[in-house]
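Note sheet for the following structure.
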Amino acid sequence: MSTVPTPDIEKELAKLPPAVLESYKAALPLMESSFNAEELLLWAKEGVAIATQTVRSWESAVEYHKVGPQVSKALAFPSFMQWARCGTYLSQDSPTLAVAFFHSSPSIVGNLRPQYIPRWAGLGRSLYKGTWKSSTLAAKFFEVSPDLIRSLPFWDVEVFVSLIEALSYKSYDVAVECLALGKDVLPAMGREREAFLSMTRSLAEGSWREVKTCLELAPRTLQQLEDAQTGRFLKLGERLAKMGLRDTARFLADGTQALAQVTPSAQGHILDLSELLISVAPEAVPAFLKSLENVLGRITLNQLDTWFQQGAQLLKENRESGIAFFKVESNTSEALLETLSSSLELERVKGVIRLYCRALSGSPIEVMNTKELVRKNIGWVDEDTASTDGTKVFLPPVVDHYLSKDENFAWFKVVSTHQVGHLEFGSFQFQFEKPAALFENRRIALEQQRGIAVPEQAVEPMAAEHAEAASEGQTQSFTDIGRFLHLFDNRKLAFDLFTVLEDCRLDYRVRVEYPGIRTAAEKVQIEARKGRPNIEELPLQEALVELLLHMSLEQFTDLPVPVEHREVAEMLARILHTLRNESANVEDTSEATLRAYELISRLQNEEQPEDQWEPEDLDDPGEFSEEDYQNLVDKLQAGQEEAGDQGEGEPYDSPEPVDYRGDFKPEMVQLLSKLQSDKNQQGDGPQLTKEQLEQLLQESAELELDAEQGDANQNMSQFAQNLMKEAGVPPPNAQPGQGYGPQLHDDDQGGELEAKEPRTYVYDEWDFRAGDYKPRWCIVKEKTLEEGEHSFYNESLRNYSSLLAHIKRQFELIMPESFRKIYRLIDGEDVDLNAALEAVADLRMGVSPDEKIYWRRNKIQRDVAVVFLLDMSASTAEAIDEGRHTTDDRDAPDDPVEYMVWLRRRREGLVRRHYKRIIDLEKESIALLIQALESIGDTYGIYGFSGYGRENVEFYVIKDIAESFGEKIKRRIDKITPLHATRMGAAIRHAITKLENQDATTKIFFLISDGRPQDRGYSREGVEKEYAVHDTHMALLEAKRKDIIPFCLTVDKAGHDYLKAMCGDMGYEVLGDIWALPERLPMLYRKLTF
Amino acid sequence: MVEAVGPEFKEYAIEEFLVRREPYYRPVGDEVELFTAAYHQHIPVLLKGPTGCGKTRFVEYMAWKLGRPVTTIRRNDQQELREGEVRVPLVTIACHEDLTASDLVGRYLLDAEGTRWIDGPMTRAVKTGAILYLDEVVEARKDTTVLIHPLTDHRRILPVEKRGTIIEADDRFLLCISYNPHYQSALKDLKQSTRQRFISVEFNYPPREIEAEIIAKESGCSPAQADALSKFGEKVRNLREHGLQEGASTRLLIYAGRLMTQGIPARRACQVAIVWTLTDEPELQRSVEEVASSIFE
Ligand SMILES: Nc1ncnc2c1ncn2[C@@H]1O[C@H](COP(=O)(O)OP(=O)(O)OP(=O)(O)O)[C@@H](O)[C@H]1O
Ligand SMILES: [Mg+2]
């Protein structure tokens, strides 16, 4: 029991308006439950103190008494008294303040740590400046405090109050309004609050009126931004405000709207750009952001960089026009947008073009950026022109020749059709000894006449001594094209003629075969003619080549012809026209080249006087006749002899290349494929040494080296090396003089292996070249995978919960299917009408009827055993959909444009830092699959494999076929990681043994891989690559022979290129979209087994 | 006044269906010789090949050709059999998963007087010496193999279990089955013991020139259009290993040709007859359309 505080207190209070004593008496009994007598006394005394501060402070005391019981429940006595004293001080200044303070307290004290209470009171006090308006503001603060304190860190409340205080110096009304707004707006904000406050705080001085608008706008606008970017955006606003930008509110509105147009990761990039801009000219930032919506409606984000860069440049030179540029109020800006928006990036249409090229050529063409070809440094140098190396078509990264995307796309099509034409119509198939279709064959005769020894090595394998001799520098040609070009002294001229004539033949063929692109092609040809030099101004030989070139571009009329050599020009036209025929082949081109060369090379390469040219139409020069041609050659020859030695004339220069026809390098292509096929013959053909190759390259008419002779040699050597690399020949041998001997398997040495340790097994390997197995060639080491955490498994199920539900439903759907009606039973659900009729019929016939006249739904015993084999090779560590960009700042490029691109990539990387690797998806898929398999009760085993070299094929047991599923298995899945290489054959053979002993009616072997089989001595470029594919194929066939159904699923998009060979008519699937794996894997399995 | 024309159709008993008019078939390789030889030697034939490449048409043609009167001159009234004339009826059965052995062999039926045995199509074919063509044989129930096996070895018999009889096949009888090796379900593959009772004739889409000839003939489009269509077909088939499940069949090319004869523009005809039929994948569609737009003006 507590004692009642002294009657003195009541006496004191009684002097005041009665409400005070009343409130005291009402509170007292309630307070007794919290405080002891001593404490009660102190509480009561403080009440008196409050009440007697000023005339009106009795009001505060009433409030103090009122809230006391509630507050006392939340605060320990010392804190309580501290709180009370805060009130006392406030009431000293202004009873209104104190009332407000006490009034809010019950809702505050539970949410604020006691030591902050005085600071809170102090915040209110700081707003009070002795005036009536200020006391209203301060009281308002206490009023809204519960909302603020409950949801803001105290620090933010302090910043906010300091903002309000700053505003109050300008206008109390605005300050009050903002306070009220803040109460609603700020609690709803997330992490961006701090940045927002900091930004508005910076407005309070100069543009205080905008604070309110910003507060009003904030909730609507900021939510449009990606969380991570809001802070940056506001910081930007703050910087701008500090730099004196007016209209921050507008920035907030426009800026957020602009950013809302783009994807979250792109928002970061836009902010990068804005930050870059701020350092150049802050006022350009709002202009930039405001235009963004419009601009991005016209060009892509990639193109935006180009546009931006030009604007930034302009800004540096001239502020005014820079700003106009960003506002898209300048012609430069408009024009650039126009061009950019119609230009077409290869990246965007690569997929379509690739399929297009594959359809046309019928071979697995790859489409690549010309940059990639130049980078290989194997002879192609021009980034802007298209090309092909026989298996890939190279196209420029961007086309902007025309004003619409469609036209630009048509350009891509024309160019790739031309490039693929080289393959489709056989440019690279040239054979020296194959007869031409339309011309008589003069090649062989010419070769004999010129006394060139028939280079049998080009046709027949060369004997070893020959190889020696050849490497000593004797001229020889390794390719058919090379052999052909060797017929001519001026190889450059011959090669140029060959190029022009072959292109002419192709363009004609394309015209006939693909009339659909004729219009586009003509446009491109007309375009190509525009930039050509004037024929009349060239020295004669070059002029005639140029003349042919014009005709090859479909210009036949009004061509300048040298009067003195009209006959030659006409003969050339006839030769060219002969090639414009569907049955002309590449050998015809060579014959045409030979003839054109014989004519042109007999003329002096001198400029002709202007009046020596006359326009002529060459669209119908008449039939070519061998006889007329020979007469003309003889005549020229005679003329030449008569004139005697007139000097050399000017040195011959090649014509300007025609852009769309690209870089035609048949010799290089033949060389590459020759190098490759040599290697594949495993040494029984002639091998080309690096020295020979270098010499060959020196002589090639196709290579133009800009370098001085000095480092040309070095270049050659580099070329040769690169070429060999491209062809898949390993780097030079350590022993000098040995050159490139027969390519043996790395581990052909050594021999049969023996499995000595426990759980190791030895298998044969199929050698397709020998057509036989290499006995006991690989050792498979079986290991049980370690156990990790089971959380991975459970998490996968959770992450894919809806997919999982779907999959389960799908698997359950099978159930009715597998409940087949079984007919002709002795007993069942119902009478089988057919059987019953038959039975009745039998009865009538006097035959004893079959009693089996019922049917019943019956569960068909599913009897499936399956083994899954998972590729755990190192390549599965590859991140999906992510460039292999490091996030290391050290490789940041200096060039601003590249820097921006780099920055964006990096940011995207950061945003998506939880990227997935192929293996992760494989693991998740396995988790889902297990669920599905468990639900239908098939027998199954799951294994992984990797390894390095034939002695170390690692085979991991994830779930052995005999094991039952459980925690252990879940934990093993966690430990599936990318390891080494993939020697598929051996792993498959081992997996098969797991299935072999099962006695299920249906046995399935299911391989999940991410690429080609690969291992040391198993899969190098060229022959080994095939070796691996063949061995894998054989292993799958072995499975099939054991009545096991093999199936391969690969996530390698390039899988089409080899899976056909690897799987033959066994089932396989190439998964285009790796993300689909978790869904596809169970579904495929389902499809396969029902 | 226009007289209402009633529906017109003809109904034949299954074994009486004779291929009377010469079906158009353009031989591609030696398949006609092979089939003829097999027929005379009683060797069952398996036709392998992708959809729409002419397997069914070929069998029709062979039925007609093998049944052609050798000695008598053909007369207008084709219904009537002449002395010494052989007719080879063609019985075609499209197999499905509910097709059972008794569907093929026959069963007792009740009728007003009592019961009556009705021969199934297989029995009828065996009796009349028809060419029995089981289309997509892998689809049929496994118990049908019980019937196929004795019919396709040297015995050439059909046991009719229900009646306790065995029918020896007519001398002219031949069993021919078709099979599309494209993987469907691992569980539906022909067993070796079944497969090895047939000779296998591989069918594929005909080479460009021949296919053009077929298209022109079958669709009535111009030779130039047919040329372009067969070229298109060839190009599209190049994509078979690069994403397309199946190449464009001859049948589809003919459809496109037929649409073109009705005045549908070529590119559009290709789009609806080929592109959209073959794939739903946008990038592939676009690529194939680009090929079409290069080939057709
Ligand atoms: N060699 C050919 N001679 C004449 N017509 C042919 C030939 N090849 C195909 N056709 C045409 O192609 C069409 C499709 O052929 P058919 O119906 O015989 O194909 P199928 O191989 O039986 O296909 P499915 O496997 O889908 O049943 C035929 O209607 C016919 O017009
Ligand atoms: Mg058919």
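Protein chains get the first letters and strands the later ones, always in sequence-line order, with residue 1 at the start of each.
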task: In plain terms, say whether A/Arg511 and A/Glu522 are close enough for a salt bridge, that is, a side-chain N and a carboxylate O under 4.0 Å apart.
output: yes
task: Measure distances from A/Thr519 to the heavy atoms of chain B and classify the residue's part below 4.5 Å as side chain, backbone, both or neither.
output: neither
Ionic contact status for B/Glu211 with B/Arg237, cut-off 4.0 Å: yes
query: Should A/Lys350 and B/Glu283 count as an ion pair when the cut-off is N to O under 4.0 Å?
result: no
field: Heavy-atom contacts under 4.5 Å, residues 290-297 of chain B to chain A
entry: B/Glu290, B/Val291, B/Ser293, B/Ser294, B/Ile295, B/Phe296, B/Glu297
query: Does a salt bridge link B/Lys235 with A/Glu424, judged by any charged N lying under 4.0 Å from a carboxylate O?
result: yes
field: Close side-chain approach of A/Ile1004 to A/Ile1044, heavy-atom, < 4.5 Å
entry: no
- request: Determine whether the aromatic ring centres of A/Phe868 and A/Tyr1085 lie less than 6.0 Å apart.
  value: yes
